[in-house]
Amino acid sequence: MQIPPLHRRLATMVGLCVLLLTASGFIPERPIDTNRQSKDELTFSPEPSPDVEVARAPLVENIEPPPAQVERRKTTVKNGDNMAMIFANNGFSARTLHELTQTEHGKVLADIFPGAGLTFESKKQQLTSLTYEPGPLERVVFKRNGDGEFASQEIFAEPEKVLTYKHGVINNSLFLTSQSLGLPDNLTMRLAQIFQWDIDFVLDIRPDDEFFALYEEHYLDGEFIGYGDILAAQFVNQGRSYTAVRYTNEAGAADYFDPDGLSMRKAFLRAPVEFSRISSSFNLRRKHPLYKTVRPHRGIDYAAPRGTPILAAGDGRVEQASRTKANGNYVVIKHGEQFVTKYLHLSKFARNIKAGKRVRQGQTIGYVGATGYATGPHLHYEFLVNGVHQNPRTVKLPQAQPVSPQEIKRFRERTLTSILLLDHFKDQAALALALGSRSATGLGSASR
Ligand SMILES: [Zn+2]
């Protein structure tokens, strides 16, 4: 029987491999009970003694030459690159690339992003694996299997989420204050969006307004890769404070609510144009700028550059998308039985905006212009309740849907930690202020 020698030979190979791997640090250290260690086990110890190496060394000559070295090349996709070019530059054939594209995830290689990472592994100039990394959290690995064919696998990494906290006291601009705390503008924008139904960030902000924000930072292998969700935040505007907490409901939809489960949203946006300026207020006894007679101004004029998107103030149905000599291009939206909003002087309508179409809150319905009787580019916006014009700035807006009564217990359980943490950080900030040492708030005390 030939089995014993073969067996021994395999055992020797395994032993040698382990030896090589341990010597090169590939096998992690494991606890070894030294009292019970047999002579055989010595070869498995992370750092073999010189004796063992000497004893094993002659056996190398008895087996096949060591496997070919794996060659690894890393590259980054540049502007204008395509896979065919990259393959050619790295010495791999178009045929190999074609084989990769035939795998399950092969399509990703047809549309690669500048900045994405590529790692080629080859043996004797033959590609054994390719790893494509479009972003820090995603990897697509193509590996040649035993039959010489490629198989692909998509791997998603879960970032480590670290809770971070910032407290800002506004000097004159929310954005400048945030920037001084190291917050990127897009996070500040998200913060402002949470409170946009209660606070007009263009008109309402005053010095000494402050905010507290609890949010996630994402890390991968200890490296910062981006900002996650804002979990809870408070904004104090002109002495009035608003608190919001993020909640993902049973259906998986995330939104912001106050600690009692009422939506931070209203059924209507306060202003249908972002970052605009009111050029003419709601005034029932106004002298008209063109006619020079007393004519009520039954809406608000928002001055904004021509082409600025105009947003549907609430969910509803387009009743009119039309044109008259006075109104220019205009849109009328009906929201349920009670509410109607009107938008005048548009330069043009957004695509698909016509009578009968459903629109969602925040959807672009058209663009600011100066069509009709208008002295310059602006949006004339009207808000009607039961057919009567109301001031859109001051009318009490209906709330959006709160957390459903069936879910309120779950809501309280899931949001408790965020609320407690926010309170804890606020207490710290208050304490630090009382002690006259702002830096004591550590993570994010504001500069003023
Ligand atoms: Zn007007």
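Here the structure is a predicted model, which means the values were calculated and not measured. All ligand and atom numbering here is 1-based and tracks the order in the structure. These numbers come from the heavy atoms of this one structure, side chains and all, not from hydrogens, waters or symmetry mates. Nothing fancy with the numbering, it's 1 onward along the sequence.
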Next item on the list: Without swapping roles, check the side chain of Ser178 against the backbone of Leu174 for a donor-acceptor pair under 3.5 Å.
Entry: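 Answer holds: yes.
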Check: Is the backbone of Arg206 close enough, under 3.5 Å, to the side chain of Asp209 for a donor and an acceptor to pair up by distance?
Finding: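 Indeed, once roles are kept as given, a pair shorter than 3.5 Å links the two residues.
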Margin query: I need the single residue from Asp315, Asp198, Asp255 that forms a salt bridge (charged side-chain N to carboxylate O under 4.0 Å, His left out) with Arg265. Which is it?
Written below: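 Answer after filtering Asp315, Asp198, Asp255: Asp255.
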Next item on the list: Indicate if the distance from the Zn ion (ligand 1) to the nearest N, O or S atom of His345 falls below 2.8 Å.
Entry: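 Checking His345: none of its N, O or S atoms is under 2.8 Å.
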Checklist line | Backbone or side-chain N/O/S of His297 under 2.8 Å of the Zn ion (ligand 1) | finding: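 Yes - counting backbone and side chain alike, His297 has an N, O or S atom under 2.8 Å.
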Notebook entry, point to check: Should the heavy atoms of other residues, nucleotides or ligands under 6.0 Å from NE2 of His98 be counted, would the total exceed 12?
Noted result: no
Check: What is the ND1(His380)-the Zn ion (ligand 1)-OD1(Asp301) angle, to the nearest 10 degrees?
Finding: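 It rounds to 100°.
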